[in-house]
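See below for the structure under consideration.
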Amino acid sequence: MTERVLFQRSHFKVRWVDDGDTILLEDGRHVRYIGIDSPEIGNASAPGEPFGKEALLFNRNRVLHQRVKLEQDVEKKDRYGRVLAYVFLPDNTFMNLQMVESGHAVVRYQKPNIRFHSMLLDAQRKAMASKKGIWSAFQEDGGIRYTGNRNSMRFHKMDCPLGKKISAGNRIGFKSRWDAFWEGYSPCRECFQIPAQ
């Protein structure tokens, strides 16, 4: 089915909620929320991350069996074949934004899909300042510094091999993870660590 057919209807029923940033539509297609990243939930091969279940439940309580409107950005699918979308409830609640506002997800800058990046980052800063969700347990790991990539907007621990590959022109230093998150950077997958509850 083509993307054109996908969007001939304005709303799609949510059959299942995989986690805090992925849902399953009634027609079997998975939708990945653009611009955010929620903690992973556990499975048989890997333990879950702190706040993963809370993010799943928060998302599930709002979208399961609801009809949602999907809006896309530049890229239509991710490398796993999931539809990339901004997800809206019938009352126009913007779920990507609500996940960040509530502290159940962090902002993930992903060019070229950045239409709502500024809005999401503003919401993240408010959630951080209010210590909502994951930010309530946030503690700095003393003395560790972080390296960011201005191009990808990812940050890395100082010992991360991926961080060491950043060109000098794209490199930026952060004194803390908090500072990196505040500036809209998100951790690389190897360095992603939600604080324990």
Side-chain angles (χ1 to χ4, degrees), residues 19-22 32-42 46-59 73-75 78-79 84 86 94-197:
D19 57 28
D21 55 35
T22 312
R32 174 67 163 82
Y33 293 16
I34 297 174
I36 71 170
D37 199 9
S38 68
E40 299 298 324
I41 59 171
E49 294 173 330
F51 294 94
K53 288 181 182 176
E54 288 84 348
L56 164 66
L57 292 174
F58 186 87
N59 194 24
D73 211 320
V74 177
E75 294 175 329
D78 68 7
R79 62 182 174 166
L84 294 171
Y86 302 109
F94 182 15
M95 280 307 301
N96 309 51
L97 181 65
Q98 193 164 83
M99 294 301 295
V100 173
E101 283 178 333
S102 63
H104 289 96
V106 299
V107 173
R108 187 161 181 85
Y109 184 86
Q110 192 72 47
K111 282 195 294 190
N113 303 318
I114 57 173
R115 183 178 354 147
F116 292 109
H117 178 72
S118 294
M119 179 189 296
L120 293 170
L121 181 55
D122 286 345
Q124 177 168 285
R125 288 174 174 162
K126 289 175 185 171
M128 291 173 76
S130 300
K131 298 280 191 174
K132 290 184 178 178
I134 63 173
W135 309 111
S136 67
F138 198 92
Q139 294 179 7
E140 278 306 325
D141 34 12
I144 296 177
R145 302 288 189 260
Y146 297 87
T147 302
N149 184 325
R150 287 185 177 100
N151 184 47
S152 67
M153 298 289 286
R154 296 291 173 269
F155 71 86
H156 310 265
K157 293 178 183 176
M158 292 304 284
D159 60 351
C160 177
L162 297 174
K164 292 178 180 179
K165 294 179 181 179
I166 302 170
S167 69
N170 285 332
R171 187 180 303 268
I172 183 172
F174 295 105
K175 293 180 181 178
S176 67
R177 287 183 299 160
W178 184 274
D179 291 344
F181 278 118
W182 189 268
E183 293 303 320
Y185 286 70
S186 55
C188 80
R189 187 45 68 186
E190 297 301 316
C191 299
F192 192 70
Q193 181 182 10
I194 297 293
Q197 292 175 294

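Predicted model only: the values in this text are computed from it and were never measured.
- Counting heavy atoms from C-beta on, the side chains of R150 and Y185 come closer than 4.5 Å.
- Relative ring orientation between F138 and W135 is described as tilted, the plane-to-plane angle lying within the 30° to 60° band.
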Side chains of residues 127-134: which donor-acceptor pairs under 3.5 Å do they make with residues two or more places apart or in other chains?
from	atom 1	to	atom 2	distance (Å)
S130	OG	K126	O	3.0

Output a table of donor-acceptor pairs, distance under 3.5 Å, between side-chain atoms of residues 115-123 and any protein atom two or more places apart or on a different chain; print 'none' if there are none.
from	atom 1	to	atom 2	distance (Å)
R115	NH1	E71	OE1	3.1
R115	NH2	Q72	O	2.2

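- Atoms CZ and CE, from F58 and M99 in turn, are 6.5 Å apart once rounded to the nearest 0.5 Å.
- We find the CZ-CD distance between R125 and E183 to be 5.5 Å, quoted to the nearest 0.5 Å.
- Note that CD1 of I34 is 5.0 Å distant from CG of L84, once rounded to the nearest 0.5 Å.
- Closest of all the heavy-atom pairs between R108 and P187 is NH1-O, 3.3 Å.
- By the 4.5 Å heavy-atom criterion applied to side chains, Y146 and M158 are not counted as neighbours.
- The pair R32-D19 does not count as a salt bridge, with every side-chain nitrogen at least 4.0 angstrom from each carboxylate oxygen.
- Remark: side-chain polar atoms of N113 are paired, donor with acceptor, to backbone N or O of E75 under 3.5 angstrom.
- Separation of atoms CD (Q98) and CG (N59) is listed at 9.0 Å; rounding is to 0.5 Å.
- Contact between I36 and G20 at its shortest, heavy atoms only, is CD1-O, 4.3 Å.
- Across all their heavy atoms, P50 and P39 have their closest contact at O-CB, 3.4 Å.
- R154 and Q110 get closest at one heavy-atom pair: NH2-OE1, 2.8 Å.
- Taking each heavy atom of N151 and Y109 in turn, the nearest pair found is O-CE2, 4.3 Å.
- Side-chain atoms of S136 and F51, non-hydrogen and from C-beta on, do get closer than 4.5 Å to each other.
- Nearest heavy atom pair, residue Q124 against residue V107, reads OE1-N, 2.6 Å.
- Judged by distance alone, the side chain of D73 and the main-chain N or O of I114 form a donor-acceptor pair under 3.5 Å.
- Here the CD1-CD distance, from I41 to E49, works out to 10.5 Å after rounding to the nearest 0.5 Å.
- Taking the six-membered ring where the residue is Trp, F181 and F155 present perpendicular rings, their angle passing 60° and hence far from 30°.
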